[in-house]
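Notes follow the structure.
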Amino acid sequence: MLTIFLAGTAFSQNQWILSASEGDLADYSPPISGNGQLGTVVDRSGLRSSRMFSANAVRRGRDTKVSSIIEAIGPISLSVTANGSPAPQNNWRQSLDMRSGEITTAYALPGLEVTNRIVNLRSLPFVTSDVLTVKATDNNVTVAVSNAPSIPGSLSDHKISERKFSADSKQRHFLRAEGLYNQGRDAMVASISMEGEDWTRISADSLTITLKKGQEAELWIVSSLISTADFADPWNESERQVLYAISTGRESLMDRHRAAWDRLWEGDIVIDGNPELQAHTRAALYNLYASALPGSGRSIAPMGLSSAHYYGHIFWDADTWMLPVMAVLQPEIARDMADYRIATLPQARKRAVAHGFRGAMFPWESDDLGEESTPTFALTGPLEHHVTADIANGVWLYYCATGDIDWLRDKAWPLLKDCADFWVSRAEKGSDGLYSIKAVVGADEYAIGVSDNAFTNAAVKRSLEYAGRAARLLGLKADPQWEDLEKNIRFHFITGTDIVAEYEGYAGEKIKQADVALLAYPLHLFRTPDEIERNLTYYDSKIDSVNGPAMSHSAMAVNYARMGKGERASRLVGRAYEPNLRGPFHNLSESSGNDHVYFVTGAGGLLQSLVFGFAGADIDMENGGVKQCRSTLPESIRSITVKSPHGVFIRKRK
């Protein structure tokens with residue numbers, strides 16, 4: 001059951017708040033609080049995390065294990081008792097305020113009402129703020145609160161200790177939780193302080209208070225989680241961060257935190273006439289924003305900071321499915337994503353040399369250092385080379401959206417050039433003068449080691465074209481081999497038809513996800529409505545609707561919205577997210593056949609169908625700039641408004 005609140009405070013009606021109550025537990029999937037540095041999946045109790053991640057905490061690959069983001073220390077894991085009893089609980093409810101990433105949980109114990117509000121701060125991205133409020137409903141209720149940080153199995157040599165020291169003439173009681181990873185070379189440390197007036201301190205992790213009926217008390221639990229990937233001395237830095245938070249004050253920190261979220265929400269999508277789609281759109285935007293920290297120079301993994309699924313690696317997902325939306329709504333985040341690829345260009349150059357090619361060959365699964373981190377059982381690592389073209393196309397798209405010519409010259413040009421050089425050395429010229437790219441995995445990962453995959457060749461064609469344009473803009477000489485390959489790369493057709501074959505020899509097999517369909521959007525190689533219609537219709541029926549990822553149909557929807565077929569686009573948008581929804585917080589799974597949440601790649605796909613499809617926003621890949629093109633809304637949407645630093649794009653149903 002979905003509950004969407006429509007104005008006010010945590011459990012009143014507000015279009016920014018998604019909520020759950022006891023009736024939702026059968027379909028429960030927990031909410032996520034993220035600030036781009038820390039990601040916390042809050043459990044049903046609302047008093048602790050079920051899992052937590054810190055963006056830079058990566059276990060290095062060794063033996064048969066690959067580099068992977070690791071589960072982090074959960075600094076806050078509270079226990080609350082009333083007169084010595086923690087149960088039974090009743091009147092449970094939980095909410096996620098997408099405007100600010102705050103998760104509020106409330107329930108009742110005999111004689112006591114409990115409310116806990118937890119959030120990872122954008123004003124201090126290594127800090128979590130937790131406010132516990134207790135209110136007595138009987139006389140003389142003794143409330144005891146304790147905290148037992150959870151240290152996951154990803155850390156060794158872990159310990160929890162109490163720290164007592166004087167700071168600013170005040171006695172401080174901190175709890176420290178720590179552990180080692182990477183064979184002891186790296187450490188992760190959490191420092192926690194429990195602050196509250198009129199509470200009696202038993203220890204650094206335990207306090208108590210006795211309340212009369214109607215009396216209320218608050219406890220502020222502030223923690224900092226830092227690893228040696230962030231600071232050389234996480235032990236002392238984590239304490240400094242907590243002390244800074246305490247000295248700054250809770251209200252000031254929250255004001256700054258909410259102001260930072262307000263700046264993010266200047267990039268927003270407002271839908272009139274379809275409250276369910278509006279709620280899911282906001283959830284998709286929220287989870288993308290929760291996965292990114294502007295100015296960090298990091299990209300976004302398929303699961304954001306919600307899960308270790310896919311090891312926190314960076315795939316084509318970032319460049320193809322997320323970056324285009326961020327280029328319109330949040331250019332600073334899009335630049336971080338592009339800059340991450342530019343920063344890892346030296347590793348891509350080494351990888352090309354190691355495979356006998358020129359230029360830059362980017363990894364299919366890139367870790368934080370830009371190294372290939374695909375598990376060896378997956379042939380996507382050795383063969384899914386289209387990622388190099390996807391990266392170049394994403395970099396060019398960011399330039400076109402922003403027009404930052406200095407960035408293009410100083411940072412992006414070497415990447416565009418090296419990617420083009422790679423494809424010249426990778427392609428093979430046939431006796432007919434056409435070029436083939438053999439032994440690849442395309443977007444459809446069910447087809448292993450094929451030749452002339454349509455999406456790969458089309459993405460290569462575009463990346464070569466963009467490299468040539470960049471050279472001309474910068475007054476540089478483009479390699480003539482780029483244009484020769486771009487104009488003469490080979491495509492196959494299904495025998496007896498004018499439908500592009502997914503690869504040489506394709507004969508109608510089931511496909512994992514859209515491949516040829518992407519030649520219409522985002523690659524714009526299919527130009528006429530007839531060409532788009534016949535290819536999309538053919539391949540739509542081939543997509544694996546159970547195990548395929550969420551974004552295939554969202555890309556197809558863009559085409560139909562732009563062709564004036566709003567109802568067909570709407571059906572495809574529904575197929576892109578409805579089978580993948582999990583629980584009352586609009587969590588999105590990777591596919592309809594699994595519960596891997598939160599899948600921010602799918603969120604990027606959905607948002608593209610709204611921004612570039614229904615709203616008709618368009619990044620001009622030839623002349624630059626963000627404009628609005630023709631598009632059509634379905635009957636279920638009265639209007640859609642995309643708010644962006646590039647302007648406001650409004651489409652109303654006629």
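Since we're looking at a predicted model, the values are computed, not measured.
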Atom pairs and distances, side-chain donor-acceptor, residues 601-613, under 3.5 Å, sequence neighbours left out:
from	atom 1	to	atom 2	distance (Å)
Thr601	OG1	Asp317	OD2	2.7
Gln608	OE1	Tyr521	OH	2.6
Gln608	NE2	Thr320	O	3.0
Gln608	NE2	Trp321	O	3.0
Ser609	OG	Leu606	O	2.5

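Applying the salt bridge (Lys or Arg N to Asp or Glu O under 4.0 Å) test to every pair with at least one member in residues 325-344, sequence neighbours left out, gives these pairs: Asp319-Arg341, Arg335-Asp339, Arg335-Asp404, Asp339-Lys411. Residue pairs that meet the salt bridge (Lys or Arg N to Asp or Glu O under 4.0 Å) test with at least one member in residues 281-310, sequence neighbours left out, are Asp268-Arg282. Among pairs with a residue in residues 578-592, those fulfilling salt bridge (Lys or Arg N to Asp or Glu O under 4.0 Å) read Arg582-Asp595, at least two apart in sequence or across chains.
Contacts of Asp130 classified as salt bridge (charged side-chain N to carboxylate O under 4.0 Å, His left out), with partners at least two apart in sequence or in another chain: none. A search for ring pair (Phe, Tyr, Trp, His ring centres under 6.0 Å) contacts involving Phe231 returns Phe126, not counting sequence neighbours. Evaluation of the salt bridge (charged side-chain N to carboxylate O under 4.0 Å, His left out) rule for Asp186 yields no partner, not counting sequence neighbours. Annotation: ring pair (Phe, Tyr, Trp, His ring centres under 6.0 Å) contacts of Tyr398 (sequence neighbours excluded): Trp407. Evaluation of the ring pair (Phe, Tyr, Trp, His ring centres under 6.0 Å) rule for Trp92 yields Tyr28 as partners, not counting sequence neighbours. Listed by chain and number, the residues in a salt bridge (charged side-chain N to carboxylate O under 4.0 Å, His left out) with Arg44 amount to none (sequence neighbours excluded). In this structure, Glu195 has no salt bridge (charged side-chain N to carboxylate O under 4.0 Å, His left out) partners at least two apart in sequence or on a different chain. Applying the ring pair (Phe, Tyr, Trp, His ring centres under 6.0 Å) criterion to His646, with sequence neighbours excluded, gives no partner residue.
Using a 4.5 Å cut-off on side-chain heavy atoms (C-beta onward), Gln37 and Ser296 make no contact. Under the 4.5 Å side-chain criterion, counting only non-hydrogen atoms from C-beta, Ser77 is in contact with Asn147. At a threshold of 4.5 Å between non-hydrogen side-chain atoms, the residues Ser589 and Asn580 count as touching. Here the side chains of Gln94 and Pro584 are not in contact, with every heavy-atom distance at 4.5 Å or above. The shortest side-chain heavy-atom distance between Leu109 and Gln89 falls under the 4.5 Å cut-off. Put simply, the side chain of Tyr577 does not reach to within 4.5 Å of the side chain of His586, judged on heavy atoms. A heavy-atom distance below 4.5 Å is found between the side chains of Leu219 and Leu207. Glu384 is not listed as a side-chain neighbour of Thr374, based on a closest heavy-atom distance of 4.5 Å or more.
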Trp316 vs Phe362, side-chain contact (heavy atoms from CB on, under 4.5 Å): CA-CA, chis, key distance, verdict: CA-CA 10 Å; Trp316 78 308; Phe362 280 89; over 6 Å; no
Mind running side-chain contact (heavy atoms from CB on, under 4.5 Å) on Leu305 and Met52 for me, showing each step along the way? CA-CA 8 Å; Leu305 292 172; Met52 188 163 181; over 6 Å; no
Please walk me through it: do Arg60 and Asp368 pass salt bridge (Lys or Arg N to Asp or Glu O under 4.0 Å)? CA-CA 10 Å; Arg60 295 288 155 226; Asp368 58 320; 2.8 Å; yes
Evaluate side-chain contact (heavy atoms from CB on, under 4.5 Å) for Thr228 paired with Asn182, printing each intermediate quantity in order. CA-CA 11 Å; Thr228 45; Asn182 285 330; over 6 Å; no
Evaluate salt bridge (Lys or Arg N to Asp or Glu O under 4.0 Å) for Glu445 paired with Lys512, printing each intermediate quantity in order. CA-CA 6 Å; Glu445 294 175 340; Lys512 183 177 180 181; 2.7 Å; yes
Kindly determine whether Glu237 and Arg240 satisfy salt bridge (Lys or Arg N to Asp or Glu O under 4.0 Å), including the steps that lead there. CA-CA 5 Å; Glu237 184 59 31; Arg240 292 187 196 102; 3.1 Å; yes
Would Val127 and Tyr244 count as a side-chain contact (heavy atoms from CB on, under 4.5 Å) here? Give the steps. CA-CA 10 Å; Val127 172; Tyr244 177 80; over 6 Å; no
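With rounding to the nearest 0.5 Å, the separation of CD in Gln330 from CZ in Arg263 is 10.5 Å. Remark: Arg51 CZ to Ser150 OG distance equals 12.5 Å, nearest 0.5 Å. A distance of 7.0 Å separates CE in Met303 from CZ in Phe599, rounded to the nearest 0.5 Å. Atom-to-atom distance recorded for Ile76:CD1 and Ile221:CD1 is 6.0 Å, nearest 0.5 angstrom. One finds the CG atom of Leu96 at 8.5 Å from the CG atom of Asn587 (value rounded to the nearest 0.5 Å). Rounding to the nearest 0.5 Å gives a distance of 8.5 Å between NE2 of His309 and OH of Tyr311.
Among all heavy-atom pairs drawn from Ile160 and Pro149, the shortest one is CD1-O, 3.6 Å. The nearest pair of heavy atoms linking Leu225 to Met188 is CD1-CG, 3.7 Å. Across all non-hydrogen atoms, the minimal contact from Pro30 to Phe585 is C-CD1, 4.2 Å. The two residues Leu124 and Ala245 have their closest heavy-atom pair at CD1-CB, 3.8 Å. For Ala106 against Thr115, the heavy-atom pair with the smallest separation is CB-OG1, 3.8 Å. Tyr340 and Ser299 get closest at one heavy-atom pair: CD2-CB, 3.8 Å.
In terms of modelled atom types and a separation under 3.5 Å, the side chain of Glu216 and the main chain of Lys135 share no donor-acceptor contact. Judged by distance alone, with hydrogens and angles left aside, the side-chain atoms of Arg122 form no donor-acceptor pair with the main-chain N or O of His257 at under 3.5 Å. Although no hydrogens or angles enter the test, the distance criterion places no donor-acceptor pair under 3.5 Å between the side chain of Glu365 and the main chain of Gly312. When atom types are taken as modelled, the side chain of Ser33 and the backbone of Ile103 share no donor-acceptor pair closer than 3.5 angstrom.
Each of Thr105, Asp97, Thr104 was compared with Arg117 under the side-chain hydrogen bond (donor to acceptor under 3.5 Å, both in side chains) criterion, and only Thr104 meets it.
A side-chain donor from one of Ser238 and Ser191 sits under 3.5 Å from a side-chain acceptor of the other. Using a 3.5 Å distance cut-off with no hydrogens or angles, the side chains of Asp230 and Ser227 do pair a donor with an acceptor.
Aromatic pair Trp265/Tyr289: centroids less than 6.0 angstrom apart.
Relative ring orientation between Phe315 and Trp364 is described as perpendicular, the plane-to-plane angle rising above 60° on a 0-90° scale split at 30° and 60°.
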